[in-house]
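Heads up: the structure comes next, in structure tokens.
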Amino acid sequence: KQEVTQIPAALSVPEGENLVLNCSFTDSAIYNLQWFRQDPGKGLTSLLLIQSSQREQTSGRLNASLDKSSGRSTLYIAASQPGDSATYLCAVSRGGGADGLTFGKGTHLIIQP
Amino acid sequence: ETGVTQTPRHLVMGMTNKKSLKCEQHLGHNAMYWYKQSAKKPLELMFVYNFKEQTENNSVPSRFSPECPNSSHLFLHLHTLQPEDSALYLCASSRGASGNTGELFFGEGSRLTVL
């Protein structure tokens, strides 16, 4: 059974810092990996999707990397801003059809002004 | 706006009530999902429908009954729930056909409180 772990569970940093969120998964036979953002009481917003054949994806100040063989992904946030405060969720899929995602518990991020 | 709309956003019900959650997607997708999000636990996949057919039931109690009349609509019928069923229920959709990216798009969720 696939298990996804995210470290740290919570992180508080001053505005402007670069930071890294970590995600690991136990079964390397994944189809893709998605990073989401969730604001309190809200749904999930997709940030980045990395296919299993890819090594990284970038969107603005966000960069996600994937090392499938070692079962790891990182989300790098550059020049953090208070608006980046949210919970960040990592999830992996076993297929590209209708297989659903297995999620980690998330990293709760606070950016101090 | 993700293209996935859930109603109601908030629901309070007693243990003997019957209520339903509704999800509608405007993305032309063929797969729809129900997830449960409880405090301090990862999102749990409940049900998957692909081309209107249920393809996954993740050992969900029968007091939760899903319905998918077409590829754009998904319901979760609730009956005789327990207080521990209080959670955020999230609907998602994806293209559903093999060979696609498999990217999921989520709604805003329905916050359920069972008294």
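Residue numbers start from 1 in every chain, and the chains themselves are labelled A, B, ... in the order their sequence lines are given, proteins ahead of strands.
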Which portion of [X] sits near chain A, non-hydrogen atoms under 4.5 angstrom:
X       : result
B:Phe51 : neither
B:Gln37 : side chain
B:Leu90 : side chain
B:Glu56 : side chain

Pair B:His73, B:Lys22 - check side chain to side chain contact (heavy atoms under 4.5 Å, CB included), show working. CA-CA 7 Å; B:His73 294 85; B:Lys22 178 183 176 182; 4.0 Å; yes
Considering all heavy atoms of both residues, which atom of B:Arg9 and which atom of A:Gly41 are nearest to each other, and what is their separation? NH2-O, 3.7 Å
When every non-hydrogen atom of A:Phe36 is compared with those of A:Ala91, the smallest separation belongs to CE1-CB, 4.2 Å
Using non-hydrogen atoms and a 4.5 Å limit, figure out which bit of [X] sits close to chain B: side chain, backbone, both or neither.
X       : value
A:Ser93 : neither
A:Leu49 : side chain
A:Asp99 : backbone
A:Gln6  : neither

Under 3.5 Å, is there a donor on one side chain and an acceptor on the other for B:His29 and B:Ser94? no
Taking atom types as modelled, find out whether A:Ser65 and A:Asn63 have a side-chain donor-acceptor pair closer than 3.5 angstrom. no
Can you list the steps and then say if B:Leu43 with A:Leu44 is a side chain to side chain contact (heavy atoms under 4.5 Å, CB included)? CA-CA 11 Å; B:Leu43 270 78; A:Leu44 277 61; 4.1 Å; yes
With respect to chain B, which residue among A:Ala9, A:Gly106, A:Gly100 yields the maximal number of heavy-atom pairs within a distance under 4.5 Å? A:Gly100
Salt bridge present between B:Arg63 and B:Asp85 (N-O < 4.0 angstrom): yes
